[in-house]
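Everything quoted here is computed from the prediction, not taken from an experiment. Remember, it's 1-based here, ligands and their atoms both numbered in the order they're listed.
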Amino acid sequence: MKLRVLGSAAGGGFPQWNCNCRNCSGVRTGTLRALRRTQSSVAVCGEDAASWVLINASPDILAQLAAHPDLQPARAPRDTAIAAIVLVDGQIDHTTGLFMLRESTRPLLVWCTDAAGADLTRGNPIFAVLQHYCGIEQRPMKPDGREFAIDGVAGIRWRALAVPGKPGPYSPHRESPVPGDNVALVMRDTRTQRSMVYAPGLGAMEETLWQAMQEAECVLVDGTFWTDEEMITLGLSRKRAREIGHLPQSGSGGMLEWLERLSPATRRILIHVNNTNPILDENSAERAELARRGIEVAWDGLELEV
Ligand code: MLT
Ligand code: MN
Ligand code: ZN
């Protein structure tokens with residue numbers, strides 16, 4: 001099983017179009033040692049190298065597909081290597097790219113929870129709108145940790161685990177989250193029996209997920225914010241990281257403490273990194289701390305195989 005990072009930034013990307021924080025202006029002017037990053041998405045393939053599951057459809061999907069020519073195998077006048085799509089939530093940065101796929105010659109097969117599906121039919125009716133184009137075939141994904149397979153992508157077993165987080169601001173139940181608003185995904189290769197965990201939005205650690213992380217070869221987890229008050233300190237927002245469903249890395253109970261407890265053999269990678277996060281600056285003290293702890297920062301194009 002292979003996982004490829006298509007976009008490693010959080011919503012807004014890096015740099016973000018209207019942002020002049022230290023990171024965004026530094027990367028724009030070339031004075032900061034940092035890689036540009038597109039918005040949150042990964043792709044996974046199993047036995048067939050021309051059959052991928054797209055996990056999350058980012059607003060940057062067309063650029064991401066163009067950056068990876070093997071996702072266009074050109075076996076027919078209209079073709080794609082994307083066999084199915086899995087959504088970890090219904091947020092803008094993970095779903096807007098569905099509109100860009102509307103020329104599909106068959107309905108898009110979209111695996112998502114009932115909670116995300118309802119938000120994408122009503123609150124932000126992407127699914128309803130797409131019925132006027134290629135159509136959507138929604139496949140139910142229960143956030144209960146039970147294994148399932150995805151047709152057309154052999155060699156992988158999937159699990160979706162409900163994790164603490166929040167639905168999009170447009171959701172009728174924004175302030176009263178339900179299980180399934182956000183999930184973490186566990187992918188197991190049926191030949192090697194090795195697994196990877198992908199959890200780009202994680203408001204707090206959750207027991208079942210923690211179990212899966214300890215069993216995994218590689219974990220890609222919420223790297224949105226370094227501190228809980230990052231956006232407040234920079235004067236960019238009044239919201240704390242935890243309030244919008246993201247566990248910060250530093251501090252007591254933060255992501256670094258959790259990652260510290262994994263076996264040294266586990267590959268640990270932060271993903272869905274917000275443009276304000278100091279870890280994007282390769283010369284920062286925070287980035288040096290990650291290096292000391294053996295933690296990597298995902299970048300667009302990173303590939304992992306288990
Ligand atoms: C999030 O991960 O909290 C959201 O994607 C934020 C956003 O809408 O940009
Ligand atoms: Mn997001
Ligand atoms: Zn910024």
For the Mn ion (ligand 2), the nearest N/O/S atom on Asp93 is atom OD2
Report the protein N/O/S neighbours of the Zn ion (ligand 3) that fall below 2.8 Å; do not count waters.
-> Cys19 SG, Cys21 SG, Cys24 SG, Asn275 OD1
For ligand 1, which atoms sit closer than 4.0 Å to a heavy atom of Asp93?
-> 5 (O)
Report yes or no: does Gln72 contribute a side-chain atom to a donor-acceptor pair with the main-chain N or O of Asp79 at less than 3.5 Å?
-> yes
In terms of heavy-atom contacts, does CZ of Arg194 have more than 12 from other residues, nucleotides or ligands at under 6.0 Å?
-> no
Heavy-atom donor-acceptor pair, Arg78 side chain to Ser104 backbone, under 3.5 Å = no
Mind telling me whether Phe148 and Trp111 have parallel, tilted or perpendicular rings, with 30° and 60° as the class edges?
-> parallel
Shortest non-hydrogen contact from Asp89 to Gln91?
-> OD1-N, 2.9 Å
Atom 9 (O) of ligand 1 - nearest protein heavy atom and its distance | Gly11 CA, 3.6 Å
Do Val297 and Asn277 have side chains that get closer than 4.5 Å, going by heavy atoms?
-> no
Indicate whether any N or O donor in one side chain lies under 3.5 Å from an N or O acceptor in the other, for His173 and Asp181.
-> yes
Ligand 1 atoms nearer than 4.0 angstrom to some heavy atom of His272 are 2 (O)
Is there side-chain contact between Leu247 and Arg242, with heavy atoms separated by less than 4.5 Å?
-> yes
Among His94, Gln91, His246, which one has a heavy atom closest to atom 2 (O) of ligand 1?
-> His246
Scanning both residues in full, the closest heavy-atom pair of Pro59 with Thr96 reads CG-CB, 4.0 Å
Can an N, O or S atom be found in His272 less than 2.8 Å away from the Mn ion (ligand 2)?
-> yes
